[in-house]
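Below is one structure, written out as C-alpha cells; comments come after it.
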Amino acid sequence: MATTTNALKRQILSDSKTEKVTATLQSNLTNMIDLALQLKQAHWNVLGPNFRSVHLQLDEIIESVRDASDEIAERVSTLGVAPDGRASSVAEDSDLTQYPDGFQAVQDTVSQVADRLETAIKGLREGIENLEEMDHISQDMLIAISATLEKHLWMVQAQEA
C-alpha cells in the first residue's frame with residue numbers, strides 16, 4: 001500500500017483526491033509489476049512450435065509493462081505518495097492469478113499470457129473510470145497504458161485462432 005509523505009510542500013490535488021487517486025494508481029502499479037514478472041516466467045519456460053516468435057514477443061510486452069509500471073510509480077511519487085513495489089506487497093495485492101510452475105507449451109503460454117493481460121487491462125479500465133472526476137492527468141496516463149496493452153493482447157490472442 002502506498003503511504004503518504006510530507007516531503008512535498010506543494011500539492012497538486014487535495015488530500016482526499018490524492019488518497020483516492022494514488023490508491024487507484026497503486027493497484028495498477030501492483031498489477032503491472034506482477035504482470036512483468038509473470039511474463040518473464042512465461043518467456044523463460046515456453047516450449048514448442050513457434051517458440052522463438054512467442055519468446056521474442058514476450059520480451060516486447062515486458063518492455064511495455066515495465067515502462068508502464070515506472071510511469072505509474074513516478075506519478076504516485078509526483079502526487080507526494082511513496083509507491084510500493086515490494087515483492088511482498090505485490091504478492092499480496094495483485095489481481096493476477098499466479099503463473100503455473102514449470103515449462104509450458106506455446107499454446108498454453110499464449111492463453112496464460114492473454115488471460116493475465118486481460119486482467120491487467122480490466123484493472124486499468126476500472127482505474128480510468130475511477131479517475132474521471134478526480135485527476136485527468138493520471139486518467140490519461142492509464143488510457144495510454146491500456147491502449148498499448150490492448151494492442152499486445154490483440155496480437156497475443158490472435159495466435160489462439
Side-chain angles (χ1 to χ4, degrees), residues 1-2 20-78 81-132 135-161:
M1 165 76 91
K20 292 173 186 171
V21 169
T22 57
T24 296
L25 294 175
Q26 179 61 48
S27 175
N28 281 282
L29 173 60
T30 298
N31 285 348
M32 291 301 110
I33 293 169
D34 193 19
L35 182 59
L37 292 169
Q38 290 199 37
L39 291 172
K40 205 56 170 170
Q41 183 71 18
H43 168 84
W44 293 324
N45 291 292
V46 62
L47 293 174
N50 300 318
F51 155 82
R52 182 167 167 69
S53 62
V54 171
H55 183 78
L56 295 174
Q57 182 183 28
L58 288 170
D59 267 341
E60 292 171 8
I61 301 169
I62 291 163
E63 183 177 345
S64 295
V65 173
R66 285 180 175 162
D67 288 346
S69 66
D70 192 50
E71 192 171 353
I72 293 169
E74 289 178 355
R75 181 66 182 163
V76 173
S77 291
T78 297
V81 174
D84 187 356
R86 296 172 298 164
S88 60
S89 298
V90 172
E92 184 176 325
D93 297 334
S94 177
D95 295 326
L96 279 65
T97 304
Q98 184 175 359
Y99 199 81
D101 188 30
F103 292 110
Q104 303 293 313
V106 167
Q107 283 307 308
D108 293 335
T109 299
V110 166
S111 180
Q112 294 283 346
V113 167
D115 289 345
R116 278 145 188 83
L117 281 168
E118 179 185 38
T119 299
I121 290 165
K122 284 181 180 178
L124 288 164
R125 285 183 161 268
E126 286 175 23
I128 290 164
E129 287 181 32
N130 290 345
L131 296 174
E132 175 66 33
D135 182 15
H136 292 137
I137 303 301
S138 296
Q139 183 190 40
D140 185 55
M141 179 188 66
L142 293 187
I143 289 169
I145 292 167
S146 184
T148 298
L149 293 188
E150 288 178 22
K151 184 175 179 181
H152 283 305
L153 175 58
W154 162 59
M155 293 181 151
V156 168
Q157 67 183 353
Q159 297 171 75
E160 292 180 304

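Both backbone and side-chain heavy atoms feed into the values below; hydrogens, waters and symmetry mates do not.
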So do the side chains of [X] and [Y] get within less than 4.5 Å of each other, counting heavy atoms only?
{"X": "Asn28", "Y": "Arg75", "answer": "no"}
{"X": "Leu149", "Y": "Met32", "answer": "yes"}
{"X": "Met141", "Y": "Ile137", "answer": "no"}
{"X": "Asp115", "Y": "Thr97", "answer": "no"}
{"X": "Arg66", "Y": "Ile62", "answer": "yes"}
{"X": "Asp59", "Y": "Lys40", "answer": "yes"}

Hey, is the main chain of [Y] close enough, under 3.5 Å, to the side chain of [X] for a donor-acceptor pair?
{"X": "Gln159", "Y": "Met155", "value": "yes"}
{"X": "Asn45", "Y": "Gln41", "value": "yes"}
{"X": "Ser146", "Y": "Leu142", "value": "no"}
{"X": "Gln107", "Y": "Gln104", "value": "no"}
{"X": "Thr148", "Y": "Ala144", "value": "yes"}
{"X": "Asp34", "Y": "Val90", "value": "no"}

Looking only at side chains, do [X] and [Y] share a donor and an acceptor under 3.5 Å apart?
{"X": "Glu126", "Y": "Asn130", "value": "no"}
{"X": "Gln26", "Y": "Thr30", "value": "yes"}
{"X": "Asp84", "Y": "Ser89", "value": "yes"}

side-chain contact (heavy atoms from CB on, under 4.5 Å) evaluation trace for Arg125 with Ile121: CA-CA 6 Å; Arg125 285 183 161 268; Ile121 290 165; 4.1 Å; yes
How long is the span from the [atom1] atom in [X] to the [atom2] atom in [Y], to the nearest 0.5 Å?
{"X": "Lys151", "Y": "Ile61", "atom1": "NZ", "atom2": "CD1", "answer": "12.0 Å"}
{"X": "Gln38", "Y": "Leu58", "atom1": "CD", "atom2": "CG", "answer": "12.0 Å"}
{"X": "Glu92", "Y": "Arg86", "atom1": "CD", "atom2": "CZ", "answer": "9.5 Å"}
{"X": "Leu117", "Y": "Leu96", "atom1": "CG", "atom2": "CG", "answer": "8.5 Å"}
{"X": "Leu37", "Y": "Gln98", "atom1": "CG", "atom2": "CD", "answer": "11.5 Å"}
{"X": "Ile128", "Y": "Asp140", "atom1": "CD1", "atom2": "CG", "answer": "9.5 Å"}

Residue that, paired with Thr109, satisfies side-chain contact (heavy atoms from CB on, under 4.5 Å) out of Phe103, Tyr99, Phe51: Tyr99
For [X] and [Y], which heavy atoms make the closest approach, and how far apart are they?
{"X": "Asp95", "Y": "Asn31", "result": "N-OD1, 2.8 Å"}
{"X": "Ser138", "Y": "Val21", "result": "OG-CG1, 3.7 Å"}
{"X": "Ala68", "Y": "Ile145", "result": "CB-CG2, 3.6 Å"}
{"X": "Ser69", "Y": "Leu29", "result": "O-CD1, 3.3 Å"}
{"X": "Ile72", "Y": "Leu25", "result": "CG2-O, 3.3 Å"}
{"X": "Ala73", "Y": "Pro83", "result": "O-CG, 3.6 Å"}

Intermediate values then yes/no, side-chain contact (heavy atoms from CB on, under 4.5 Å), Leu39 and Arg116: CA-CA 9 Å; Leu39 291 172; Arg116 278 145 188 83; 5.8 Å; no
Under-4.0 Å salt bridge between Glu118 and Lys122: yes
